Amino acid sequence: MESIKSDVKWLGFDWDDRLYFASDYFEQLYQYAVQLIKLGKAYVCSLNADEIREYRGTLTKPGKDSPYRNRSIKQNLDLFENMRAGKFEDGTHVLRVKIDMASPNVNMRDPIIYRIRHEKHHRTGDKWCIYPTYDFAHGLSDSIERITHSLCTLEFEDHRPLYDWILDELKAYHPQQIEFARLNLSDTVMSKRKLLELVEGGHVSGWDDPRMPTIAGLRRRGYTPKSIRNFCERIGVAKADSTVNIALLEHCLREDLNKKAPRVMAVLRPLKVIIENYPENKVEELDAENNPEDPEMGTRKIPFSRVLYVEQDDFRVDPPKKFFRLAPGREIRLKHAYYIKCVEMIKDGKTGNVKELRCTYDPETKGGWSKDGRKVRGTLHWVSADHSIEAEVRLYDHLFTKANPEEEKDGADFKTCLNPNSLETLTSCKVEPGLKDAKSRSSYQFLRQGYFCVDSNEEKLIFNRTVSLRDTWAKIDKK
RNA sequence: UGGGGGAUGGUCUAAUGGCAGGACGAGCGGCUCUGACCCGCUUAGUGAAGGUUCGAAUCCUUCUCCCCCAGCCA
């Protein structure tokens with residue numbers, strides 16, 4: 001309950017002084033039930049659960065009346081009072097409403113409105129041992145609260161006749177129940193039952209695992225309340241079953257973060273670069289803008305020195321067409337810094353992998369501009385090796401490999417298409433020094449990579465990837 | 001096979017008898033010190049068949065397909 005409250009607040013809503021609980025109305029609800037008995041519209045039924053099911057009939061066959069259906073009002077009043085007084089065991093009696101056992105809508109076949117449960121309630125404690133069912137409490141609670149419209153999901157459409165019946169019989173204020181389709185998202189599951197399975201099966205670390213579509217999970221992943229609200233506005237509300245593509249949610253997220261998240265440089269998979277013509281001990285403080293979308297976010301200083309790290313993906317020994325990044329002999333720009341040219345690559349003797357690059361820089365291009373007007377196609381992010389700090393980065397991907405895990409063929413379990421690579425942890429990432437004091441939960445854009453938020457900054461700095469940037473090159477490269 | 005709902009581009013959603021539009025995605029191009037953002041263009045739809053009407057996504061008829069209901073759960 002507390003987590004529901006904090007989720008709602010986080011999303012940006014407030015109930016002011018209107019935090020209501022159905023349990024606040026237990027006494028009134030009881031009195032309404034008594035009234036129904038007096039009207040001859042409710043009776044205590046002493047059939048057991050199996051018998052009640054049997055008497056109910058099926059979808060196509062009508063039910064038959066309970067043998068207890070015609071108890072006298074006095075008898076019912078008496079029995080119900082004793083139910084409340086705790087004179088009976090769980091399951092021995094229930095209070096049912098008298099409608100029509102032959103109704104084509106099974107919800108109208110004398111539904112149960114009160115049952116005995118000798119259980120402690122989280123708000124009323126031991127005060128009650130009988131509790132109203134949802135169908136009974138729902139409409140009357142709405143009525144007591146004087147709400148105008150009661151919104152719920154489609155599966156309650158069949159319950160609306162009962163909702164209406166109860167309020168009409170009691171001549172109570174009658175709100176209008178309106179049903180709408182629940183929200184389904186592609187590439188994940190939304191049902192509580194299935195999410196619980198993921199938690200209990202250890203497929204995720206908990207309800208707030210950043211891969212979970214729960215509010216707690218989205219929050220920890222780095223989603224902003226505003227992006228979620230925008231998303232909800234865009235998808236609208238309808239009565240048709242639908243599955244919204246998660247790409248739209250991600251779009252709303254990028255849209256919001258693009259305006260808010262400060263830009264920083266972080267190298268996830270470091271490749272060492274030595275600038276051969278840059279003095280050994282020299283360090284320059286370069287200016288870098290914090291957010292081109294918002295000049296008011298100002299600038300910061302970032303250190304540049306002879307030994308740097310760049311992204312492994314940003315170098316190719318044998319660059320394909322349209323690859324604008326570093327390659328042997330190729331000149332590129334280091335963001336906010338200088339043009340550098342790759343003059344040599346050093347391979348690991350054993351693996352043959354490139355483990356280090358030797359480059360030269362052009363001192364005339366400080367800040368990233370060339371006076372002679374020559375252009376470079378690529379701009380890379382980088383960090384200064386000596387000044388960077390280590391961080392762990394967790395890359396998240398969709399939890400499932402199929403857009404609709406619930407539609408597994410041959411009725412296979414939805415967990416068969418769990419994505420084994422939905423979490424990739426990188427432990428030796430290098431981030432710019434200014435991130436040393438990054439606050440927990442704060443969001444950044446790692447330039448050219450994506451949006452990341454601080455999961456924790458206690459013993460070590462840990463980032464969650466919220467969502468990647470759109471990556472046109474990745475699409476070209478795949479072809 | 002009883003009852004209740006639903007069907008508009010790949011996806012979500014507008015159009016309440018009067019030009020089928022928007023967003024996301026995808027594709028192409030432009031811009032660029034982020035292959036980001038932004039901008040331009042393109043793609044692609046009324047479940048089916050009849051009927052009413054000057055005119056139908058919308059009204060009528062028939063059909064098809066999908067979802068929900070037989071808890072003392074919500």
Side-chain angles (χ1 to χ4, degrees), chain A residues 45 47-50 52-63 90-96 102-109 111-117 130-131 133-135 137-138 152-161 179 181-186 192 231 233-252 254-255 257-259 263 265 288-289 291-293 314 322-325 332-339 365 367-370 375-381 403 445-451 468-477:
Chain A
C45 178
L47 254 23
N48 66 36
D50 287 340
I52 286 180
R53 188 177 314 123
E54 217 181 295
Y55 275 75
R56 186 156 37 224
T58 68
L59 295 178
T60 48
K61 280 192 209 108
D90 285 10
T92 52
H93 308 278
V94 291
L95 185 68
R96 300 176 71 173
S103 170
N105 179 350
V106 292
N107 294 120
M108 298 298 268
R109 320 241 257 232
I112 292 160
I113 60 166
Y114 262 94
R115 70 287 217 212
I116 303 170
R117 286 274 172 84
I130 57 170
Y131 293 100
T133 55
Y134 166 84
D135 279 324
H138 182 207
C152 61
T153 39
L154 252 24
E155 65 268 28
F156 294 99
E157 279 178 321
D158 287 340
H159 294 243
R160 193 174 60 228
E179 310 82 11
R182 56 181 296 151
L183 164 63
N184 295 302
L185 257 188
S186 73
K192 268 178 273 178
F231 170 73
E233 265 166 45
R234 288 203 201 189
I235 61 177
V237 178
K239 290 192 74 169
D241 290 314
S242 63
T243 303
V244 180
N245 200 310
I246 200 164
L248 179 55
L249 213 209
E250 293 173 342
H251 167 81
C252 293
R254 290 189 184 106
E255 182 179 55
L257 254 14
N258 177 46
K259 300 211 173 64
R263 273 55 170 173
M265 293 201 282
E289 60 184 349
N291 189 344
E293 300 287 326
D314 287 338
K322 291 190 180 171
F323 184 84
F324 305 147
R325 308 171 184 186
I332 54 87
R333 167 169 45 231
L334 291 179
K335 180 85 181 170
H336 305 308
Y338 292 100
Y339 286 10
T365 58
W369 293 106
S370 169
K375 292 246 154 90
V376 286
R377 220 35 222 280
T379 300
L380 309 190
H381 61 276
Q445 185 197 101
F446 287 1
L447 228 50
R448 305 206 305 134
Q449 306 199 90
Y451 297 96
S468 65
L469 249 31
R470 288 188 66 214
D471 190 350
T472 307
W473 165 243
K475 281 182 202 162
I476 298 168
D477 196 31

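All values derive from a computational prediction rather than experimental measurement.
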4.5 Å side-chain heavy-atom contact, [X] and [Y]:
{"X": "Thr133(A)", "Y": "Pro111(A)", "value": "no"}
{"X": "Glu293(A)", "Y": "Arg263(A)", "value": "yes"}
{"X": "Leu47(A)", "Y": "Glu54(A)", "value": "no"}
{"X": "Leu249(A)", "Y": "Val244(A)", "value": "no"}
{"X": "His336(A)", "Y": "Glu289(A)", "value": "yes"}
{"X": "Arg234(A)", "Y": "His251(A)", "value": "yes"}

Intra- and inter-strand pairing of RNA chain B, written as dot-bracket with Watson-Crick and G-U pairs under 3.5 Å and | for the latter, reads .((((((..((((....[..))))((((((.......))))))...(((((..]....))))))))))).....

Separation of the [atom1] atoms in [N] and [M], to the nearest angstrom:
{"N": "rG17(B)", "M": "rA56(B)", "atom1": "P", "value": "14 Å"}
{"N": "rA44(B)", "M": "rU13(B)", "atom1": "C1'", "value": "16 Å"}
{"N": "rG30(B)", "M": "rC37(B)", "atom1": "C1'", "value": "14 Å"}
{"N": "rU43(B)", "M": "rG9(B)", "atom1": "C1'", "value": "9 Å"}
{"N": "rG21(B)", "M": "rC63(B)", "atom1": "P", "value": "33 Å"}
{"N": "rU32(B)", "M": "rA23(B)", "atom1": "P", "value": "25 Å"}
{"N": "rG22(B)", "M": "rA14(B)", "atom1": "P", "value": "15 Å"}
{"N": "rU42(B)", "M": "rG5(B)", "atom1": "C1'", "value": "38 Å"}

Can a donor-acceptor pair under 3.5 Å be found between the side-chain atoms of Gln445(A) and the base atoms of rU34(B)?
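Yes.
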
Classified by glycosidic angle (syn within 90° of 0, else anti), rG10(B) comes out anti

How long is the line joining [atom1] of [X] and [atom2] of [N], in whole Å?
{"X": "Asn184(A)", "N": "rC12(B)", "atom1": "CG", "atom2": "C1'", "value": "12 Å"}
{"X": "Lys375(A)", "N": "rG35(B)", "atom1": "NZ", "atom2": "P", "value": "15 Å"}
{"X": "Phe324(A)", "N": "rU34(B)", "atom1": "CZ", "atom2": "C1'", "value": "14 Å"}
{"X": "Asn291(A)", "N": "rC38(B)", "atom1": "CG", "atom2": "C1'", "value": "14 Å"}
{"X": "Arg182(A)", "N": "rG6(B)", "atom1": "CZ", "atom2": "P", "value": "18 Å"}
{"X": "Lys61(A)", "N": "rU1(B)", "atom1": "NZ", "atom2": "C1'", "value": "11 Å"}
{"X": "Glu289(A)", "N": "rC37(B)", "atom1": "CD", "atom2": "C1'", "value": "12 Å"}
{"X": "Glu293(A)", "N": "rU32(B)", "atom1": "CD", "atom2": "P", "value": "16 Å"}

Checking all strands, does [X] fall into the base, sugar-phosphate, or nothing category for heavy-atom contacts under 4.0 angstrom?
{"X": "Pro292(A)", "value": "base"}
{"X": "Leu380(A)", "value": "nothing"}
{"X": "Ala181(A)", "value": "nothing"}
{"X": "Ser186(A)", "value": "nothing"}
{"X": "His381(A)", "value": "nothing"}
{"X": "Lys335(A)", "value": "base"}
{"X": "Phe323(A)", "value": "base"}
{"X": "Glu157(A)", "value": "sugar-phosphate"}

Can you identify which nucleotide, out of rG5(B), rU34(B), rC37(B), has its nearest atom closest to the Asn258(A) side chain?
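So the side chain of Asn258(A) is nearest to rC37(B).
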
Roughly how far apart are [X] [atom1] and [Y] [atom2], rounded to 0.5 Å?
{"X": "Lys375(A)", "Y": "Arg333(A)", "atom1": "NZ", "atom2": "CZ", "result": "9.0 Å"}
{"X": "Leu95(A)", "Y": "Ile113(A)", "atom1": "CG", "atom2": "CD1", "result": "4.0 Å"}
{"X": "Glu157(A)", "Y": "Lys239(A)", "atom1": "CD", "atom2": "NZ", "result": "4.0 Å"}

Using a cut-off of under 3.5 Å, enumerate the N/O to N/O pairs linking the protein to nucleotides 24-26 of chain B.
residue	atom	partner	partner atom	Å
rA26(B)	OP1	Lys475(A)	NZ	3.2
rA26(B)	OP2	Arg470(A)	NH2	3.3

Distance-minimising heavy-atom pair for [X] and [Y]:
{"X": "Ile332(A)", "Y": "Gly378(A)", "answer": "CB-O, 3.7 Å"}
{"X": "Leu59(A)", "Y": "Arg109(A)", "answer": "N-NH2, 4.5 Å"}
{"X": "Tyr451(A)", "Y": "Gln445(A)", "answer": "OH-NE2, 3.2 Å"}
{"X": "His381(A)", "Y": "Leu447(A)", "answer": "ND1-O, 3.5 Å"}

Of Thr472(A) and Ile235(A), the one whose nearest nucleotide on RNA chain B sits closer to the 5' end is Ile235(A)

Between Val244(A) and Arg333(A), the residue closer to the 5' end of RNA chain B by nearest nucleotide is Val244(A)

Fill in: Phe156(A) and Tyr134(A) aromatic ring geometry - parallel, tilted or perpendicular at 30°/60° bounds
tilted

*Look at Arg263(A) and rU34(B) and indicate whether a side-chain polar atom (N or O) is within less than 4.0 Å of OP1 or OP2.*
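Looking at the OP1 and OP2 atoms of rU34(B), neither is under 4.0 Å from any side-chain N or O of Arg263(A).
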
Given protein heavy atoms under 4.0 Å, the one-letter contact record of nucleotides 65-74 of chain B, with B base, S sugar-phosphate only and - none, is simply --SBBBSBSB

